[in-house]
Amino acid sequence: MTALLSLLLLGLLLATVAPSRLARARWPEREPVLALLVWQMLVVAVLLCCVLSLLLASAAALPAWRDVVFSGAPAGVEGAYELAGREGWGRLSAAVLAAGGLWTAVSLAREVRSARAERGHRHAQLVRRAPELPISLLPRRRRGREPLVVLENVRPQAWSLPGPRARLVVTTGALQQLSDRELAAVLSHERGHVRARHHWLGQCAQALATGFPGVGVFSAFRDQVAVLVELAADDRAARRHGRVTTALALAELNSEVFASCPPAQLAQSPARVDRLLLGEPRLPVPARLGWTLAALAAPLGAAALAVAPGLSALL
């Protein structure tokens, strides 16, 4: 049972200590893409701890399943896990972990279904207001890119509709208020969201936070993803069109420049403008490599704990 207890303890530490320290760090503003990787690996490690714990707990609870799990294993490996005679503890652990896994799947399915319905509704509204041109009428160089739709509206807005029929949308108010370079920066920002599939990441984060509102790591993951995807898209636009141009686009349209952001992120616009204008340098390469290795070490550490008893029995 040592492996099972170790996995549960590691999952608890990763779900409590790591998120608070990572959320207080300043470096993610300089490396939002790397920070997204670190957060994703942290959540993957927590979920992996739960899945592996469920596997071991069910093996302890059900002797028949234990025989299946360790079928083909060399002599001594099964005994190294000390699962025999722990049926009571195994049943309790397996029931709790299985319920959590089932609820996670239900929450994710519900979030995906809701997001698809919302996207479908918005696409239908967009088609009614601005019918699409047949693809044969589009220039060849634009057929592989996200179509740009212009809506008549005095409010300066720009947003993206992700999905298989991704669209970039701007209003006539935005066209009047932004210069050509600023408009290109705005479209590059929104195109970054679409091509990086940020909506998938947001859906997963929202599903976990909604399904487990009392688990801090999932709530922090949702909040950080919402901020970091905007910073990552800002950096994409800044690399192509300059930090000053991107900052001016944000400043001129203020909170309405990226209407695809939820209200909590619209309030981040002034801080995002300051960040672009300050232009802090990226982390040194060794620091980036170190954080990447640390991120990958979290799920690998969980896997190592799960196989450690079996390896020790063979050595």
Side-chain angles (χ1 to χ4, degrees), residues 27-40 115 119 122-123 126 141-150 156-171 174-175 178-206 221-262 264-283 288 292:
W27 67 266
E29 294 184 0
R30 300 164 61 184
E31 295 288 346
V33 175
L34 177 57
L36 284 171
L37 172 66
V38 173
W39 275 103
Q40 288 177 79
R119 284 203 307 269
R122 295 178 67 186
H123 273 293
L126 186 62
R141 58 187 176 86
R142 292 199 58 86
R143 291 184 186 181
R145 306 181 68 182
E146 299 80 11
L148 175 63
V149 180
V150 179
Q157 293 181 330
W159 67 91
S160 59
L161 287 179
R165 298 176 298 159
R167 299 288 184 271
L168 305 182
V169 186
V170 296
T171 63
L175 296 179
L178 294 174
S179 67
D180 290 345
R181 292 185 60 192
E182 290 165 355
L183 178 62
V186 170
L187 296 178
S188 180
H189 173 105
E190 294 300 340
R191 191 172 287 115
H193 283 313
V194 172
R195 296 189 177 181
R197 305 294 192 270
H198 286 162
H199 62 291
W200 288 357
L201 189 56
Q203 288 172 15
C204 293
Q206 183 62 44
F221 180 51
R222 175 198 57 197
D223 297 340
Q224 290 297 315
V225 162
V227 174
L228 291 172
V229 295
E230 296 302 325
L231 300 185
D234 286 347
D235 287 349
R236 181 186 192 274
R239 285 194 300 270
R240 287 163 172 75
H241 305 284
R243 287 184 171 271
V244 174
T245 299
T246 306
L248 286 174
L250 271 169
E252 286 197 22
L253 298 187
N254 198 10
S255 65
E256 293 186 305
V257 65
F258 300 127
S260 59
C261 308
Q265 271 55 65
L266 292 178
Q268 295 287 334
S269 292
R272 287 163 55 194
V273 171
D274 292 341
R275 172 181 175 271
L276 288 168
L277 294 178
L278 287 174
E280 291 189 39
R282 299 185 63 183
L283 291 179
R288 279 182 270 163
T292 302

How far does [atom1] of [X] sit from [atom2] of [Y], to the nearest 0.5 angstrom?
| X | Y | atom1 | atom2 | answer |
| --- | --- | --- | --- | --- |
| Leu228 | Asp223 | CG | CG | 10.5 Å |
| Thr246 | Arg239 | OG1 | CZ | 10.5 Å |
| Leu175 | Asp180 | CG | CG | 9.5 Å |
| Leu201 | Arg222 | CG | CZ | 13.5 Å |
| Leu168 | Glu190 | CG | CD | 7.0 Å |
| Leu248 | Leu276 | CG | CG | 10.0 Å |

Testing the basics here: between [X] and [Y], what is the closest heavy-atom pair and its distance to 0.1 Å?
| X | Y | value |
| --- | --- | --- |
| Ala166 | Val194 | CB-CG1, 3.5 Å |
| Ala249 | Leu178 | CA-CD2, 4.0 Å |
| Val33 | Ala232 | CG2-CB, 4.0 Å |
| Ser188 | Ala237 | OG-CA, 3.6 Å |
| Ala247 | Val273 | O-CG2, 3.9 Å |
| Thr171 | Pro156 | OG1-CA, 3.6 Å |

### Task
Sort out for me which residue in Val229, Val227, Leu231 forms a side chain to side chain contact (heavy atoms under 4.5 Å, CB included) with Pro32.
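That would be Leu231; it is the only one of Val229, Val227, Leu231 passing the side chain to side chain contact (heavy atoms under 4.5 Å, CB included) with Pro32.
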
Does [Y] offer a backbone N or O that forms a donor-acceptor pair with the side chain of [X] under 3.5 Å?
| X | Y | result |
| --- | --- | --- |
| Arg167 | Leu161 | no |
| Arg240 | Ala185 | no |
| Thr292 | Arg288 | yes |

### Task
Apply the test side chain to side chain contact (heavy atoms under 4.5 Å, CB included) to residues Arg243 and Asp235: give CA-CA distance (whole Å), side-chain angles for both, the deciding distance (0.1 Å), then the verdict.
CA-CA 8 Å; Arg243 287 184 171 271; Asp235 287 349; 4.2 Å; yes

#### Entry: Charged N-O contact under 4.0 Å between Glu31 and Arg282
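Yes, charged N to carboxylate O under 4.0 Å.
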
#### Entry: Carboxylate-amine/guanidinium contact Glu29 Arg275, below 4.0 Å
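Salt bridge between Glu29 and Arg275, a charged N being under 4.0 Å from a carboxylate O: no.
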
### Message
Could you walk me through whether Glu230 and His189 satisfy the side chain to side chain donor-acceptor pair (under 3.5 Å) test, starting with their C-alpha distance in whole Å, then the side-chain angles of each, then the deciding distance to 0.1 Å, before giving a yes or no?
### Response
CA-CA 8 Å; Glu230 296 302 325; His189 173 105; 3.1 Å; yes

### Enclosure of Arg181 CZ (heavy-atom neighbours >12, cutoff 6.0 Å)
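No, because the 6.0 Å sphere around CZ of Arg181 holds 12 heavy atoms or fewer from other groups.
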
### Task
Check whether the side chains of Arg191 and Ser160 place a donor and an acceptor atom closer than 3.5 Å, and report yes or no.
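No, no side-chain donor-acceptor pair sits under 3.5 Å.
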
### Task
May I ask you to test the Val38-Trp27 pair for a side-chain heavy-atom distance under 4.5 Å?
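Side chain of Val38 against side chain of Trp27, heavy atoms only: contact under 4.5 Å found.
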
